[in-house]
Amino acid sequence: MKVATWNVNSIRTRLNHIVNWLQENPVDVLCLQETKVMDESFPHQPFADLGYHTYISGQKSYNGVAMLSREPLSNVSTGFAPLLGEAVIDLDEQKRVIAGTLDGIRIVNLYVPNGSSVGSEKYAYKLRWLAALRDYVQRLGDLGGTGVEEETSPAPPLPSSLLLCGDFNIALDDIDIHDPTGREKMVMATDLERQALQAVLALGFADAFRKFTTEGGNFSWWDYRSAAFRRNLGWRIDHIYLTPALYERAIACTIDASPRKLEQPSDHTPVWVEL
DNA sequence: ATGGCTCCCCGTGGGAGA
């Protein structure tokens with residue numbers, strides 16, 4: 001099974017890039033972030049023509065996530081509320097979470113808030129959102145990864161098969177930044193953000209990309225400005241995290257930089273894992 | 001460097017992204 005993640009920065013602007021990429025890379029599941037489209041305007045048909053089912057959680061102008069899958073997903077859910085209830089219901093106003101199950105693997109597609117700048121309101125929101133994500137993932141593990149509250153059948157054995165992917169807007173390691181100088185003041189690289197993400201990963205996840213590639217200089221996002229892509233001034237902020245059995249099973253994890261070379265590209269490029 | 005580039009919107013500049 002191949003699962004990919006891609007922040008497309010507007011699905012309507014990037015539609016041809018996505019369709020062409022799927023034709024070249026017919027992954028089983030493609031998780032998208034920053035679709036920037038309301039659900040009633042989502043372009044289902046081009047993906048249906050390629051044989052993909054579409055699952056969406058969108059809003060006007062900002063955010064928005066979607067999952068495309070060759071086979072139907074089960075137990076699709078959006079937001080934190082299905083597992084966390086009313087306590088963090090306000091965090092679901094921004095559409096950043098969608099999850100579904102395929103072949104016993106719970107796939108969670110995430111668009112972590114950017115955080116704007118260190119010390120800003122948006123930065124505080126990002127940290128609060130990551131704390132909620134930790135609770136959400138812990139609850140998911142407690143449920144055996146089904147994402148379903150009702151336990152009508154015996155829970156599957158733990159550890160659950162969980163896959164977290166998406167735009168995390170955090171570079172966990174200095175080698176994931178082209179130049180980490182001064183990173184403690186840079187959003188996406190501060191200790192508080194890293195600690196908040198590590199608290200999620202401590203529930204039992206490993207970075208699929210780092211199973212195969214230990215070198216720095218591998219990035220998934222490059223700023224539109226200053227010819228950053230041409231100069232490879234990037235960050236690795238799009239991640240795929242796996243629970244232990246899936247991590248053992250993984251046979252490849254690759255960043256495909258080729259769509260970033262096209263005309264009018266997203267500033268992010270796809271990352272995929274083969275299980 | 002209130003810089004750089006690109007996205008969106010009942011837009012014609014400003015907010016947001018990262």
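Chain naming here is simple, since letters A, B, ... match the order of the sequence lines and numbering starts at 1 in each.
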dT6(B), OP1 or OP2 - any side-chain N/O from Arg12(A) closer than 4.0 Å?
no
With a 6.0 Å cut-off on ring centres, are Phe205(A) and Tyr247(A) close enough?
no
Separation of dC7(B) atom C1' from Glu34(A) atom CD, nearest Å, is 8 Å
Should the pair Asp173(A)-Arg183(A) be classified as a salt bridge under the 4.0 Å nitrogen-to-oxygen rule?
no
Could you measure between the two P atoms, the one in dA1(B) and the one in dA16(B), and give it in whole Å?
24 Å
In whole angstroms, the gap separating P of dG17(B) from NZ of Lys122(A) amounts to 6 Å
Suppose you measure atom P in dC7(B) against the same atom in dT2(B); what distance do you get, rounded to whole Å?
25 Å
Measure from CG on Asp223(A) to P on dA1(B) and round the result to the nearest Å.
17 Å
Is there a side-chain contact between His268(A) and the phosphate of dA18(B), meaning an N or O under 4.0 Å from OP1 or OP2?
yes
Between Asn169(A) and dA18(B), does any side-chain N or O lie under 4.0 Å from OP1 or OP2?
yes
Check this one for me: any side-chain N or O of Arg225(A) less than 4.0 Å away from OP1 or OP2 of dG17(B)?
no
Pairwise C1' distance, dC10(B) and dG14(B) [rounded to whole Å]
15 Å
Given the 90°-from-0 boundary between syn and anti, dG4(B) should be labelled syn
Would you say Ser10(A) reaches dC8(B)'s phosphate, i.e. side-chain N/O to OP1/OP2 under 4.0 Å?
yes
Rounding to an integer number of Å, can you tell me how far Glu263(A) CD sits from dC7(B) P?
12 Å
Between dT6(B) and dG11(B), how far is it from one P atom to the other, in whole Å?
23 Å
Can you check whether Trp222(A) and Trp235(A) have ring centres sitting under 6.0 Å from each other?
no
Taking the six-membered ring of Phe219(A), is NZ or CZ of Arg236(A) closer than 6.0 Å to its centre and within 45° of its axis?
no
OP1 or OP2 of dC8(B) less than 4.0 angstrom from a side-chain nitrogen or oxygen of Thr13(A), does that happen here?
yes
Any base atoms under 4.0 Å from Asp238(A), or only sugar-phosphate, or nothing? Heavy atoms, all strands.
nothing
Taken to the nearest whole Å, CG/Leu262(A) to P/dT6(B) is 14 Å
Between Lys36(A) and Arg96(A), who's closer to the 5' end of DNA chain B by nearest nucleotide?
Lys36(A)
Report yes if at least one side-chain N or O of Tyr123(A) is closer than 4.0 Å to OP1 or OP2 of dA18(B); otherwise report no.
no
Would you call Asp90(A) and Arg128(A) a salt bridge, using N to O less than 4.0 angstrom?
yes
Salt bridge check, Asp176(A) against Arg210(A): does any charged N sit closer than 4.0 Å to a carboxylate O?
yes
Taking the nucleotide of DNA chain B with the closest heavy atom to each, which residue, Ser116(A) or Pro265(A), is nearer the 5' end?
Pro265(A)
Between C1' of dG17(B) and CZ of Phe168(A), the distance in whole Å:
18 Å
Look at the side chain of Lys60(A) and decide which nucleotide, out of dC9(B), dC7(B), dA18(B), has an atom nearest to it.
dC9(B)
Over all atoms of both residues, closest heavy-atom pair of His239(A) and Ile170(A)
CE1-O, 2.9 Å
Ignoring backbone atoms, establish whether Asn7(A) has a side-chain N or O less than 4.0 Å from OP1 or OP2 of dA18(B).
yes
Separation of dG4(B) C1' from Trp222(A) CH2 (nearest whole Å)
19 Å
Pairwise C1' distance, dA18(B) and dG4(B) [rounded to whole Å]:
13 Å
Between dA18(B) atom P and Leu197(A) atom CG, what is the distance in whole Å?
15 Å
Check this one for me: any side-chain N or O of Gln264(A) less than 4.0 Å away from OP1 or OP2 of dC5(B)?
no
